[in-house]
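Below, all heavy atoms of this structure are taken into account, side chains as well, without hydrogens, waters or symmetry copies. Proteins come first, then strands; the chains are lettered A, B, ... in the order of their sequence lines, and each starts at number 1.
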Amino acid sequence: MTKEVVIEVKNGKVKEAINSFLKGLLEKNLVSALLVSREVPSKDNVVQSLVTNSHGLKEANVIAPVLPVNSARIISEMTRLSPHKSPVGIVLRSCEIRALIELVKLKQASLDNLLIIGVDCLGTYSVSDYQGLCKQGDSPLDELLRKFKEENEDAKLREACRVCEYAIPSNADLVVGLIGVDFEKNILLESRTEKGEGILEKFSFPKFNQSKEREESVSKYIDEKIAKRDALFSQTKKEVGNWENLLSVFSTCISCHNCMRVCPICYCRECFFKSPTFEFDSEKYLGWAKRKGSIKMPKDTILFHLGRMSHMATSCVGCGVCEGACPSNIPLLRIFKTVGHNVQQIFKYVPGRDLEEPLPLTTFKEDELQGVGEE
Amino acid sequence: MEKNVGAVMVVGGGIGGIQASLDLAESGFKIYLVDKKPGIGGVMAQLDKTFPTNDCSMCILSPKLLGTGRDENIEIMSYTEVERVEGEAGDFKVTLRKKPRYVDLDKCTGCAECVESCPVEVLTEFEEGLSNRKAIYRLYPQVVPNVFTIDKNENKPPCRLTCPGGVNVQGYIALISQGKFKEAYELIRERVPFPGVLGRICHHPCEEKCNRKDFDEPLAIASLKRFVADYVAEHQEELLSPKKDEEKESKEPPKIREEKVAIIGAGPAGLTCAYDLAKLGYKVTVFEAQSSPGGMMYAGIPGYRLSKEVLKREIKQIEEIGVKILLNTPIRSKEEFEKLRRNYQAIFTAIGARKSKKLRLEGSDLKGVLYGVEFLKHVNEGKEITIGERVAVIGGGNVAIDVALSSLRVGAEEVHLFCLESREEMPAFEWEIEEAVREGINLHCSRGPKRIIGKEEKVGGLETILCSSVFDAEGRFSPKFKEKTESTIDVDTVIIAIGQEADFAGFKEVRITPHQTIDVDKISLATSVPGVFAGGDVVSGPASVIEAISQGHEAAISIDRSLKSEDLIEGREKIEEEAAEAPEKEVALEKREIMPALSLQDRKRDFKEIELGFTEKMAIDEAKRCLDCGICSECLECVKTCKAEAILPDMVEEKVEIKVGSIILSFGFDEFNPRVKGEYGYGRFPNVISSIEFERILSASGPYEGQVVRPSDKKLPKKIAWIQCVGSRDIKSGYPYCSSVCCMYATKEAVIAKEHAGSELTCHIYFMDMRCFGKDFDKYYERAENEHGIEYRRCRVSSVEEDLPTDNLRIKYETEEGNLKEEEYDLVVLSVGLTPSEDVLRISEKLGLQLNEYNFIKSDELFPVDTTRKGIYACGAILEPKDIPETVTQASGAAARASSLLSSARRTLIKEKEYPPEIDVSGEAPRIGVFVCHCGINIGGVVDVPAVVEYTKRLPNVVYAEDNLYTCSQDTQERIKEAIKEHKLNRVVVASCTPRTHEPLFQETIREAGLNPHLFEMANIRDQDSWVHMREPEKATEKAKDLVRMAVAKACLIESLPSFSSEVIQKGLVIGGGLAGMIAALNIAEQEFEVYLMEKEAELGGNLRNLHYTLENEDMQSYLKSIVKEVEENPKIKVYRNVNIKSVEGYVGNFKTTIVQNEETEKIELEHGVIVVATGAKESKPKEYLYGEDERIVTQLELEEMLARPDSKIPTLNTIVMIQCVGSRENERPYCSRVCCSDAMKNALKMKKENPRANIFILYRDMRTYGFKESFYQESREKGVVFIRYDKDKKPYVTRDAEGLTVEVLDPILKEKLRITADLLVLSTAIIPNEDNQTLAQLLKVPLTEDGFYLEAHVKLRPVDFSTRGIFLAGMAHGPKFIKETISQAYAAAEKACSVICKDRVEAEAIIAQVNERWCRGCGICVSACPYEAISIDEETNLAKVTEVLCQGCGACSAACPSGAIQQKGFQRNQILSMVDIAL
Amino acid sequence: MANFEPKIVGFLCNWCTYAGADLAGTSRMQYPPNIRPIRVMCSGSVDSAYVLRALLEGADGVFIGGCHPGDCHYVSGNYKERRRITVLKSILKTLGLDDNRVWIRWVSASEGKRYADTISEMTSHLKKLGPNPISKYWSL
């Protein structure tokens, strides 16, 4: 199943090299459409587009280091009611694939007829940073690749990416590899499934022969990320790991629920915490305020965050789009990532790892957690 | 058929009886559930955990208990016994004996307040005597019906029975033991007005009869009476607190009667009579000749024995209730007497015997000669008395002694007492004589006075003579004197006290007897003059005060009757009653309290009372010695305590007649009494206990609250041993069969004990064979051994001995190899066997049933739940020892038999209640009515209920609130209904006890008022408030307010819940045409429903086709033929052969199954309401032991086939070896195949029968011939079959050559390898599940066990159900089993199936899940959360969908759903959250 | 904090713990009056939101009582709840709220004493822990 080939990079133009492959997919009718991120005319952001002809790939930039949306949500939108009838290729980062897998478990998306093309993720900038760089006239992608090559971590990368240990996509049919690869000359294209292998057979890419180097680089890269991640966890614990700080942090929440709307895991039609159960009449608010002296308004913002956490933390992939969407600059990523990690550890569960692995809260084992309740 | 009665009587309320009742009620029959105990639950209620799942027994039982109690069509008749059964199947007439429980079933609320007031403690049967309960009790806290019962001995206690005054002695002693002195005093005064007097001078015949004398000493009953009388007198003020006035007010004032009664004589008889009559409302006047009232109590008893103050006090109390006493008013003439007769409607003559008998003797006229009675009168009146220094008293009675001792006190220096009788014959009470001697009286027994010697006109001396005998041969007084034995003594005073007699002046008209007493009717005390009665000494001659009192009572009764013109005699004949024996309990020896008394120095010359009376502590200690012989002491404290007025002290036994069509017997078993096995020391050594006792010790609600401690010192044991087969497999003690359950329960007890105590505890089990033959039992056993470290020792225990200082026990045992060993333990548990219930003989005789050789109810292998009388069925351990699931299975099986018998009468006798149309309250603003219960004082005594009500009235949406003494009482139900109408309530909240027991009652009430039952909410302010915070009333009140506020908050949000139902296709489908399937189909058809029976093979019969005979039955093939014929000929059964299932759709009541025949294209669609899975299992073909390589190696089934052939060569074979457990109890197949041991026995016996000389060797691991099959094991051994045990890791080894087969096995006893050359090797191979179970399980969406058999809904209590409603299980598909067990299970599955399809509609729970489609995203989390397959994702909408009839309302889906799209009705998130919000 | 009386909100499953709590009452076992029990049909129906709501509204402790593992009246509700509460406690712990304010315990219908003991123990534990810190910061 695993087959590694290279796509030649001409003039160091990585994006174009990938696009040429994508173009091939459409032209060879291997897929009837492709979901890719494309640059907007002003070039300072990208949007997801479903492209059916190679012309549409002109503006495609699937490795643009920005993540305005986690595409798992888009795929859910496309496939929830009915799966694709003809093959559609989707180009995703690791966090998007992992979220997608979770959504499939939740029956919110279907992988039928999807060709998942994962790309190595070197990290993304926040939309504003991305735009800032563009305004300065730099190509954020080039900037990122340069820094990466220099092994110089870009401090501007989103925190989610700086501590992400999932640079390499899993559960993809094909993976476009950048790490441990001399991407100025070649990039790696790897098949992970039979379906992926079938695709590669339709092309005549030369074989990749630096597997070992890639493997070593990847493992070194991931180890570094894990160290950073762990540092983040301990820092988070210091910062919000006490009630007062946490209250302060969340008290600025304006209850816009953007975090929930952009979260690739939050699939509810409407959040429970927005439901009529949490609508009260004026007397009740006054009653609370009287009993307690004062209450924070809007009320129940912390309940919303903790409640949401209790619903999705087991599946949180740490993509951090929530934080990007927060108008109040609440450091949601570090809080959710830390909580998510701890919760997932209990069940040795890794969201997005395996389609067959049941969601922790939909299953149980009789002989687990035996101390709980017996004290 | 028309005459069939649609009712069934179930006898025995254990789990079997409960299950049978529930099943039959569900199937449309009226049930009478009869149990001789005061409540149902049986032995299962006593168990701590159940094997092999370690389920909490009470947790799984109590829903069934409540369900039984709640079912309208089950009438629980507890404390009731079967007296007689007449009639025949379909129409029995049963006479029942309802024992008096002395408590009104309808009024008792189970509040337990009475328990506090009850002074009597006896051993608790439910706790196996490990703790005490009160005489008023319930079996256990969760019992159904939840009412109390008074445990009363049929016989009266001897003290009470002996007392001439009929005083309730045990009653007042019990009250004293509780420090309730005033109550004790009042109880005594109900019978006698002189507690203080009697407490001092009564001759207390009661004490002589006291059962305590057989242990140490009788109780000091009189002294206790004296104590309370004095205590109350001393504490008059505090005892007469305002509370007492309240009581007085509440009591009805006595009726005033116009009739006047005259009583002549103010002695004990007269005053008692006066007292009784005054209490009845008569106007009573007492005429007394003397200047002081009291009669002989005043004049005859010296002050040192009875203080005048006491007497005065008690007479004053009599006067206080309206008795008029006229002193100095003798009736001396006929005229006076006649005048009385004119003015009074009745007269009681009680003038006593106050004249001393004269002694005619030389010198008796001398100065200085006095007479006893007169002397005492003078002394007692405090008159000046001149007496000499040396006094002689003549007489040997109590008066003489009193005279002697009084003489000392009025100045005599020396007192001599002469009497004709010898010391032993003296009529005075022994203790009085002793007292006299102690005070220095000189006794001269057997000496009569001859003459009084005069000296200067005065007494100078007394000459006496030896008396050789006092009475003649007939016992008449006729003294004989011995000549020449005269002696003289110098005395200056002689006091003659030789007896008294009455003075009849004025009473000439009444007839007098020759004995100088008034002649009266013995019972009525009527004299010869109409309207005149007589009693006391004037009738009986000089007698005791209590006897006089007794006659006073009788006279009062007669006078009352005569004034009411009633018959004087009727019902008053004295019946000889037997006295109660001491109840069985542990008695710590303790001597009685010694009465403190004045020292000898302090008592001379003084009339101060000698005895000082008990202190409070002494009285209580002494009272606690009482053995409570009557059990209930009838102190009636409970009557006072019970606010519900539920105690009925006068209840009597009742006979009730019922008509039933069928009877099911299920009264279980008794435990073997381990005392029989004396060598184990049970009963002698406190730390040798029975397994059921240990079960209670393990129980969290048991006597030690779940602490595993041993009885002797309550210390944690470090080592416990179990001894198996105590009273099982034991020919010597008369119980040769195996009790089937002990191996597992001992293992369970050891495991649970380890769980409680941790690794500290060592557990050893001494056993013969481990019989873990049930589903998953072997795994449990292995875990016990390997994970819990329980050690199993295969050996025989010869004895248990006690080590005295430590109370430890030494077990002596013989190992398998024959070595004698010893080991010490802290605790030894005897795994007692199951013996036939003691009721079995009695009931079987009454019902005309046969018993089997072991005294269990006889049944047939092929009709396992039928008794020998048609229409009477049986289930559970009365047929054979068995565990809970098999009992439950049989119970449903017996129900099936009854149902099929009575199917024409189905639904003829059940109640279907009609309710008024439901009021639509949707859209209305909540109008809540709140009812707060006092529960007598259970809540009101702690929580300030009126304050809670006031608080409640201010809560939003509450429009009405009130408090009730008992909210559950009938009249309050009416009030609630009225309040709903009056205040237009649309929600009702009750704050009282627990919704678990009472919610249905209140829901019923509001339903009757037109409200939906779910517009109801409860606040538990008793069980979880007042009862548990009794010492913090203020906080409890706060909590009650909070709980009510929370309930009201929820009530604002609750809604009417519709009841769901869906149509039922009244047909069944049985999958599998083997024995189980055929029997199930037949029963369903007999119950008059159509049924499809499908078989994948071409022929019906399944495994039965391979069986030719069984241990019990010779011809299985003809049985098979008859069953197949029955099935084929039954018009209601449609058989499909050669078919497979393609798909199963739908749900309970409405299944659609598609089947195909021979894979042909045509599909058959069957529509049906239920499914019975009876697909069977099969014998495995082994890979081991060269099977298949040699034709001389066969399986047991193959052997059976060979033996059945007429030309069988088997009888010619010399040596046959059988190997057991081939493929069973192995790592890859860790279960026991259950039937193989008995199958081996069956074939071995068959071969022995044909060829007794054949050598048969059976190589086994544990011989598992459980139950009565043990006898075949026994028989095999007797017939010479050789049994050789082998270990799992030392299996036999088989080789073959031309000569024959050689089997090598290690003999564990000889520790040597045995080589057996065999002509035939028979392998007892495993029973294995069908390969296609997996496929079918997936089609049906039902689970399989790890072993591949079908997994039932609950291994204990739902053995034939699946979790999914409407699908049932029978036969070997469930696990390996015998024919008999298969048949029972097939019946059971049929009954379950019919209970669904006998109705047009299947009802769903009202509290079920509901999807809000606007919010649902179809994620399926709820689907995975549901354990009942009740939720699915709709293919069209992609949203969750609830199959209402499958939902059980657990709410798991609701908690799992992140968006709140699926919610549990009645427990919606907004409802719960509103409670949380308002609580804080 | 000598006079501090913790407020506990309890969720008791109908079949085991609620029955056990009733048994404690029937047996007159005394325990502190700090718990406000809410009856639910199964511990498996106790939503995390209930627990969070209680804590955020100032409950000093939240108690969840269910049947012992294997005893669930509804087959497996308690196993599911065990996971759910474990997750919730982990969240609370990570965020610095003492997760010991949330107790989940298995109490069977026959364990009246265990219920009484557990509530006593929980009350004294919470007394030591002091009031729910959120009550100081209602305005946040």
Heavy-atom closest pair, residues [X] and [Y]:
| X | Y | answer |
| --- | --- | --- |
| C/Leu23 | B/Ser701 | CD2-CB, 3.8 Å |
| B/Cys1450 | C/Tyr74 | CB-CG, 3.1 Å |
| C/Phe11 | B/Ile1472 | CE2-CG2, 3.7 Å |
| C/Ser110 | B/Cys56 | OG-SG, 3.7 Å |
| C/Val40 | B/Phe1467 | CA-CE2, 3.9 Å |
| B/Ser1454 | C/Asp47 | O-OD2, 4.3 Å |

Top of [options] for chain B proximity - count of heavy-atom pairs under 4.5 angstrom:
| options | value |
| --- | --- |
| C/Ile38, C/Val46, C/Val62, C/Ile119 | C/Ile38 |
| C/Ala24, C/Cys67, C/Ala59 | C/Ala59 |
| C/Ser48, C/Ala21, C/Gly20, C/Gly77 | C/Ala21 |
| C/Gly25, C/Cys13, C/Gly70 | C/Gly25 |
| C/Asp71, C/Thr26, C/Asn14, C/Asn34 | C/Asp71 |

Has [X] got a side-chain atom pairing as donor or acceptor with [Y]'s backbone, closer than 3.5 angstrom?
| X | Y | value |
| --- | --- | --- |
| B/His1029 | C/Tyr31 | yes |
| C/Lys7 | B/Ala1479 | no |
| C/Lys80 | B/Ala1452 | no |

Using 0.5 Å steps for rounding, measure from the [atom1] atom of [X] to the [atom2] atom of [Y].
| X | Y | atom1 | atom2 | result |
| --- | --- | --- | --- | --- |
| C/Ser108 | B/Asp48 | OG | CG | 8.0 Å |
| C/Cys16 | B/Ile60 | SG | CD1 | 10.0 Å |
| B/Asn938 | C/Arg28 | CG | CZ | 5.5 Å |
| C/Ser45 | B/Gln1463 | OG | CD | 11.0 Å |
| B/Leu1480 | C/Ile8 | CG | CD1 | 11.5 Å |
| C/Met41 | B/Glu1405 | CE | CD | 7.5 Å |

What part of [X] lies closer than 4.5 angstrom to a heavy atom of chain C: side chain, backbone, both or neither?
| X | value |
| --- | --- |
| B/Gln1448 | both |
| B/Asn54 | backbone |
| B/Ala1456 | both |
| B/Arg1031 | both |
| B/Cys1453 | neither |
| B/Gln1024 | both |
| B/Tyr140 | neither |
| B/Arg138 | side chain |
| B/Met1046 | side chain |

>> Using side chain to side chain contact (heavy atoms under 4.5 Å, CB included), reason through B/Tyr1428 and C/Val75 one step at a time and then give a plain yes or no.
In response: CA-CA 9 Å; B/Tyr1428 302 107; C/Val75 187; 4.2 Å; yes
4.5 Å side-chain heavy-atom contact, [X] and [Y]:
| X | Y | value |
| --- | --- | --- |
| B/Val1476 | C/Glu57 | no |
| B/Met1475 | C/Arg36 | no |
| B/Pro995 | C/Tyr18 | yes |
| C/Pro33 | B/Glu1034 | no |

>> Taking the basic N atoms (NZ, or NE/NH1/NH2) and the acidic carboxylate oxygens, is any pair closer than 4.0 Å for B/Glu999 and C/Arg39?
In response: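 Looking at C/Arg39 together with B/Glu999, the answer is yes, because their closest N to O distance falls below 4.0 Å.
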>> What I want to find out is whether B/Glu705 reaches C/Arg114 closely enough, with some N-O distance under 4.0 Å, to be called a salt bridge.
In response: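 Result for this pair is no, no salt bridge flagged.
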> Under a 4.5 Å heavy-atom cutoff, which of B/Arg996, B/Lys1035, B/Glu1032 has the most pairs with chain C?
Replying inline: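 Of the options given, most contacts go to B/Arg996.
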Answer with side chain, backbone, both or neither: which region of [X] has an atom nearer than 4.5 Å to a non-hydrogen atom of chain B?
| X | result |
| --- | --- |
| C/Ala116 | neither |
| C/Leu12 | side chain |
| C/Pro32 | backbone |

>> Quiz question: by atom type and distance under 3.5 Å, do the side chains of C/Asp22 and B/Asn1020 form a donor-acceptor pair?
In response: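 Yes, because at least one side-chain N or O of C/Asp22 sits under 3.5 Å from a partner of the opposite role on B/Asn1020.
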>> What verdict does the side chain to side chain contact (heavy atoms under 4.5 Å, CB included) test give for C/Ile35 and B/Lys1039, after you've listed the backbone C-alpha separation in whole Å, the side-chain angles of each residue and the deciding distance to 0.1 Å?
In response: CA-CA 8 Å; C/Ile35 187 165; B/Lys1039 182 169 174 180; 3.8 Å; yes
